Amino acid sequence: MEPLLKLTNVKKSFGEIHAIEQVNLDIHKHSVIGLVGGNGAGKTTLLRLMSGVYRPTSGSVKLENSRPISEMRSVLGVVPESTGLYSKLTAWENIRYHSRLHGIDDQLAWDRTYRFAKLLDIQESLHRYTEGFSRGMKQKTALLRALAHGPQILLLDEPTGGLDVTSARIVRQLVRKLKEEGGTVIYSTHHLAEAQQVCDRIIIVHNGIIQADGTPEELLTLTGTKSLEEAYVSLTSEAARPRMEESEQPSKISKIWRRLFTPKHQLEVDEDE
Amino acid sequence: MSSRKRIVTVAKKEIIEFVRDWRTIVALVLIPLLLFPLLFIAFPVVMQNEATELEQKTVDILIQSNDIEDLLVDLLENQTALVTVMTLDENLTTLSDADNDTVELRNLEYDAILRMELRNDTWYYAILHLSTSEQSNEARGRILDVLIDWEDDLRSQRIESAGLDVESTLDPLQWDGPISDADVATKGEQAGMLLSLFIPFVLAIWTASAAVQPAIDMTVGERERGTLESLLSLPLTRTELLLGKWLAVVSITAVGVTLQIGGLLFGIAYLASDFIDVPSLSFAAIVLLALAVGFYGTMIVALYLALAMRSKSVKEAGSVLTPITLAMIMPILLTQFINLDDVEMFWFGVPFVNVLLGLRELLLNRIIIEHVIVWVLVSSLICLLTVRYAAKQFHREDIITTKS
């Protein structure tokens, strides 16, 4: 069966930093795939490559029938880690803004939104400004926004990060329901237990490399361990690198300027490091 | 969905979000609309009140003279002044030598001191005052008024006593009829001349300053709030995103500028019509004026969006755009000093200056085809370059990562 999304020899570098190295992935329909890894592992970069926000340095990201990802954004629904809601718009206005840019009729978008809003129990808040929303409400609204145009693939970046137990549970239930309805979800998390609960397939990313890819049972067999936690530890024993953003360097002028206003003893410590 | 619709969708959302902030309405609608009418009302009222208040005050004047005439003292006392007369110190090098009386003036014991001395047939005088005191200046003014009238009388008496006609001796060259009748420029053209020094200044400063906040908010602000990433994963090209945001910033700025110019013209037409008329412009001049403003707005907004998007944080964007806005005063000032009757062609090839010069010419209802062609071509090129530069910034991959 042809994969819905195919990453072939994908490499992503930012200057001299290699964020993602030689990734090959096939994402098939009707599955929930967990991207698991620590901070700075490369999960978000991988998701941004899948959503077309980043272009691969080498290799290719293609949808089925070899369509380039840039032409196929309409089949994607993306929930970034930050949720990305406009605080001076209501929840529905936020959703409608994205669905309009997807070219979806307002009524159709509203019907879909209302249906999922009932599942997430926020139908009463759709006409409220998102300014006062809790983290959970924001996450749910971002999910509705990603679903309003009926995407084939849903990309979720840490969707339960910062949520209380009940909200996180509701989000997981929604993901499972989407799978039952034939959807495909790529779910990034650093919680193994959560991935085990929700995902059919777990991809362990560490230092920009896919260390393992398979069902929970396959990961246990691969590592010869009894629990996923042990499997994860054995697969990610190499020291984690710092986050990409932290590795970015200031400009030469900024460096010189900063040195002028840094005490000499502090400069010596920095140089030693 | 067409590209145009996506651009309009982005622009509409940006405008709605911006307008929902009441501070924006105050800054971009109320202040520009009311600024000039308030200035036209408040300035004359305040100035008139202050002048009346000062005129009614009694000032303390000290006269130091050995030869002062009683008539002069009476004339000064009629000016609501308390006059004290003393003899003149004989040790003064000149009458302007204030050394001995500095303390009295600084302590405001007297508002002004008039020194007078008659040498042969000529009166010598000096008025000592404290120029940093309004009341002292007022006292000096009143003394000067009295002295001028007294001198006129004295001059007339001396001319008459020499057997001459006073008027033809003092004023042998005289203008005949009202001066304004001799000016062939219409009132509308005169207004255009005055406003051509004023409107480009207002337009340029207001466009530059009104565009800063929305340009930052819609680019690096959006990145800092974390809303940019989800937007970039939509079926929307980055050029469409730039154009949508550009359209929003231009619309917001245009509303602010239009209201300010509207307020200015309203102020002129209804509140200051005694002093200045509404300029008379042809239809072609109005169309070209709109084009010039459009060019200026396009260049500024595209440049601001690009620089704001390049910045790593809202703070950095503010640090970059504020000095640029202030630097915009340079071409504006240059434009004010250029003589339009003898303007060299190259000025119409200098970006920003050319559009402002074009505005000045058009406000005078002068359409000089060669000038128009040069500033339209050069400005079109600069617009294209600034928009391309902005597009380049929007296509950068790192625009979603923030340092804040």
Side-chain angles (χ1 to χ4, degrees), chain A residues 12-15 44-45 47-57 69-90 93-94 96-105 129-131 138 142 145-146 149 151 155 157 243-246 248 250-251 254, chain B residues 1-25 214 217-218 221-241 244-245 248 310-313 316 319-320 394-404:
Chain A
K12 182 65 191 171
S13 305
F14 299 98
T44 299
T45 305
L47 283 178
R48 285 175 179 169
L49 283 162
M50 290 179 190
S51 66
V53 171
Y54 284 161
R55 289 178 293 275
T57 308
I69 197 84
S70 58
E71 289 174 19
M72 292 300 299
R73 285 191 182 140
S74 54
V75 303
L76 297 173
V78 180
V79 180
E81 195 179 352
S82 60
T83 72
L85 296 178
Y86 298 100
S87 60
K88 290 189 181 73
L89 300 185
T90 65
E93 284 171 337
N94 267 286
R96 191 180 59 187
Y97 177 47
H98 275 222
S99 68
R100 279 183 178 173
L101 288 171
H102 274 288
I104 303 293
D105 176 66
Y129 289 105
T130 58
E131 199 157 26
K138 283 182 179 171
R145 187 182 60 188
H149 63 285
L155 302 177
D157 194 0
R243 285 178 72 98
M244 286 303 110
E245 290 90 332
E246 288 160 7
E248 286 173 14
S251 67
S254 299
Chain B
M1 192 187 200
S2 70
S3 183
R4 187 185 60 80
K5 270 190 174 172
R6 281 194 290 270
I7 291 168
V8 172
T9 303
V10 172
K12 268 168 75 176
K13 176 254 149 196
E14 298 291 356
I15 292 168
I16 288 171
E17 212 189 3
F18 210 76
V19 163
R20 282 190 182 164
D21 187 350
W22 68 268
R23 282 162 290 225
T24 308
I25 300 298
D217 190 67
M218 289 177 202
E222 180 143 31
R223 182 201 301 165
E224 275 200 359
R225 292 191 297 274
T227 50
L228 195 57
E229 185 175 350
S230 57
L231 202 54
L232 294 178
S233 57
L234 294 173
L236 171 81
T237 67
R238 296 195 183 190
T239 305
E240 287 167 350
L241 181 64
K245 286 177 181 291
R310 256 187 84 89
S311 304
K312 294 185 177 78
S313 64
E316 187 183 306
S319 309
V320 171
F394 270 66
H395 278 85
R396 284 164 53 147
E397 277 200 329
D398 60 354
I399 63 169
I400 52 167
T401 53
T402 174
K403 295 264 187 171
S404 64

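Atoms considered below: every heavy atom in the structure, side chains included; atoms not considered: hydrogens, waters and symmetry mates. Within every chain, numbering begins at 1; the chains are lettered A, B, ... in the order of the sequence lines, protein sequences first and strands thereafter. Quick caveat: nothing in here was measured; it's all calculated off a predicted structure.
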J.: If I take atom CG from residue Leu85(A) and atom OG from residue Ser230(B), how far apart are they, to the nearest 0.5 angstrom?
T.: 7.5 Å
J.: Calculate, to the nearest 0.5 Å, the distance between atoms CG and OG belonging to Leu234(B) and Ser99(A) respectively.
T.: 10.0 Å
J.: Restricting to non-hydrogen atoms, name the atom on Ser82(A) and the atom on Gly226(B) that form the minimum distance, rounded to 0.1 Å.
T.: OG-O, 2.8 Å
J.: Against chain B, label Leu101(A) side chain, backbone, both or neither, depending on which of its atoms sit under 4.5 Å from a heavy atom there.
T.: both
J.: What are the two closest non-hydrogen atoms of Arg238(B) and Val53(A), and how far apart are they?
T.: NH2-O, 3.1 Å
J.: I'd like to know if Lys13(B) and Glu93(A) make a salt bridge, using a cut-off of under 4.0 Å between side-chain N and carboxylate O.
T.: no
J.: Could you walk me through whether Ile16(B) and Tyr97(A) pass side-chain contact (heavy atoms from CB on, under 4.5 Å), step by step?
T.: CA-CA 11 Å; Ile16(B) 288 171; Tyr97(A) 177 47; over 6 Å; no
J.: For Arg73(A) versus Leu236(B), what's the shortest heavy-atom pair and its separation?
T.: NH1-O, 3.6 Å
J.: Look at Thr237(B), Leu228(B), Thr9(B) and state which one has the largest set of heavy-atom pairs under 4.5 Å with chain A.
T.: Thr9(B)
J.: Of the backbone (N, CA, C, O) and the side chain (C-beta and beyond), which part of Arg55(A) lies under 4.5 Å from a heavy atom of chain B, both, or neither?
T.: both
J.: Is chain A contacted by the side chain of Glu222(B), its backbone, both, or neither, given a heavy-atom distance below 4.5 Å?
T.: side chain
J.: Less than 4.5 Å apart, any side-chain heavy atom of Arg48(A) and any of Glu229(B)?
T.: yes
J.: Any idea which of Arg96(A), His98(A), Arg100(A), His102(A) has the most non-hydrogen atom pairs under 4.5 angstrom with chain B?
T.: His98(A)
J.: Decide yes or no on salt bridge (charged side-chain N to carboxylate O under 4.0 Å, His left out) for Arg20(B) and Glu131(A), but give the supporting numbers first.
T.: CA-CA 12 Å; Arg20(B) 282 190 182 164; Glu131(A) 199 157 26; over 6 Å; no
J.: If you round to the nearest 0.5 Å, how far is NZ of Lys88(A) from CG of Asp21(B)?
T.: 4.5 Å
